[in-house]
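Residue numbering restarts at 1 for every chain, and letters A, B, ... go by the order of the sequence lines.
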There are 2 protein chains.
Amino acid sequence: MNNISNIFKEKNLKLTPQRYAIYKFLKSVKTHPSAEMIYAEISKDYPTMSLATVYKTLKTLIELGLVQELNVGEDNFRYDANVAIHPHIVCLNCGKVDDIENANFDNLKTDVLNYTDYDVLSYKLYFYGICSECKKGR
Amino acid sequence: MNNISNIFKEKNLKLTPQRYAIYKFLKSVKTHPSAEMIYAEISKDYPTMSLATVYKTLKTLIELGLVQELNVGEDNFRYDANVAIHPHIVCLNCGKVDDIENANFDNLKTDVLNYTDYDVLSYKLYFYGICSECKKGR
DNA sequence: CTATTAACAAATAATAATTACAAATTAGGA
DNA sequence: TCCTAATTTGTAATTATTATTTGTTAATAG
Ligand SMILES: [Mn+2]
Ligand SMILES: [Mn+2]
Ligand SMILES: [Zn+2]
Ligand SMILES: [Zn+2]
């Protein structure tokens, strides 16, 4: 199986409660939280949680291919437990980061081969605009 | 005219030698340098240049719409004096950031409207891969 | 041409995100 | 249950960036 506990076992890593909580939390939200946001949330259930653990766990989850890092242009990173390549949209007013659902831009990866001599492995696509909530409040 | 000295004049900003040097340097390179890289380069001609001035100048150039910031996923930003929306490609081996020339992905901005209720204002597109130099050395 | 003054550069201090470190704890196999 | 390497934690260190201060410059009125 390819469930998380086997993935950890294969690498001789321990699936600690902290690690599991962070992963489960990331899986459960659509908000693309930062390390700080994750820490704030997880601390409610694990009051002894350390911010350093959040950072270190995120790094190992990324190495395992279970989480990806987003850089939408803030002074910090955001994290996403959906590791598929998929586009995001950032509200320039409230800072929210959303998925763009059902859109498929995978042709980009093959299209771009006509314009570069790089071996292209992946891409990141960020849209910027104003979300519907922020549009209302104008 | 819309040359840089008029743009500065309109906003009651002074086009100092430092500011001009930073802008001219950014215009002249294709490397998408970071603030630190810009500082290292400009320091050769302006030994008294301060890193703080580089950061502050970059910020004003961005506000004036003369420079854009790239967030390719490093722990720092890179800067580009080409303010048109255009895609970039990052070498995962050597860290180089290149333009993808002649490619036009502007349909993205209209395509995405079918999948989101945001007002979409702009986008950033980053490809990741291995550059031709790095491919050789394997 | 000079004086005035607001904008600016430089140096440095401060801040914020992230990482490194060391000591205490724990997961999970023997 | 015991053992031990892996992990967590709290904290210090580091790095990118921003704020502050003070001396310097550029624009312009007189
Ligand atoms: Mn996502
Ligand atoms: Mn560019
Ligand atoms: Zn919003
Ligand atoms: Zn390369």
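- Screening residues 23-33 of chain A for side-chain hydrogen bond (donor to acceptor under 3.5 Å, both in side chains) gives A/His32-A/Asp80, A/His32-A/His88, A/His32-A/Asp99 as the qualifying pairs, with residues at least two apart or on separate chains.
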* Structure fact -> Letter by letter from the 5' end, nucleotides 9-18 of chain C scores (B base, S sugar-phosphate only, - none; protein heavy atoms under 4.0 Å) SBBB----SB
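- For the salt bridge (charged side-chain N to carboxylate O under 4.0 Å, His left out) test, no residue two or more places apart in sequence or in another chain qualifies with B/Lys11.
- The stretch residues 86-95 of chain A participates, sequence neighbours left out, in no salt bridge (Lys or Arg N to Asp or Glu O under 4.0 Å) pair at all.
- Here side-chain hydrogen bond (donor to acceptor under 3.5 Å, both in side chains) pairs that include residues 48-61 of chain B, with residues two or more places apart or in two chains, number zero.
- Considering only residues two or more places apart in sequence or on other chains, B/Asp106 meets the side chain to side chain donor-acceptor pair (under 3.5 Å) condition with B/Tyr123.
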For residues 36-46 of chain B, tabulate all N or O donor-acceptor pairs below 3.5 Å that involve a side-chain atom, not counting sequence neighbours.
{"unit_1": "B/Glu41", "atom_1": "OE1", "unit_2": "B/Lys44", "atom_2": "NZ", "d": "3.3"}
{"unit_1": "B/Glu41", "atom_1": "OE2", "unit_2": "B/Lys44", "atom_2": "NZ", "d": "3.2"}
{"unit_1": "B/Ser43", "atom_1": "OG", "unit_2": "B/Tyr39", "atom_2": "O", "d": "2.6"}

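- In this structure, the side-chain contact (heavy atoms from CB on, under 4.5 Å) partners of A/Ile62, at least two apart in sequence or on a different chain, are A/Val67, A/Glu69, A/Tyr79.
- Taking the 5' to 3' direction, DNA chain D first and last meets chain B under 4.0 angstrom from a heavy atom at D/dA16 to D/dA26.
- Within the 3.5 Å criterion, the main-chain N or O of A/Gly73 finds a donor-acceptor partner in the side chain of A/Asn71.
- Taking five base pairs at each end of the helix from C/dC1-D/dG30 to C/dA30-D/dT1, the local helix axes there meet at an angle of 30°, rounded to 10°.
- Identified under the salt bridge (Lys or Arg N to Asp or Glu O under 4.0 Å) test for residues 111-131 of chain A, with sequence neighbours left out: A/Asp119-B/Lys135.
- Considering only residues two or more places apart in sequence or on other chains, A/Arg78 meets the salt bridge (charged side-chain N to carboxylate O under 4.0 Å, His left out) condition with A/Glu74.
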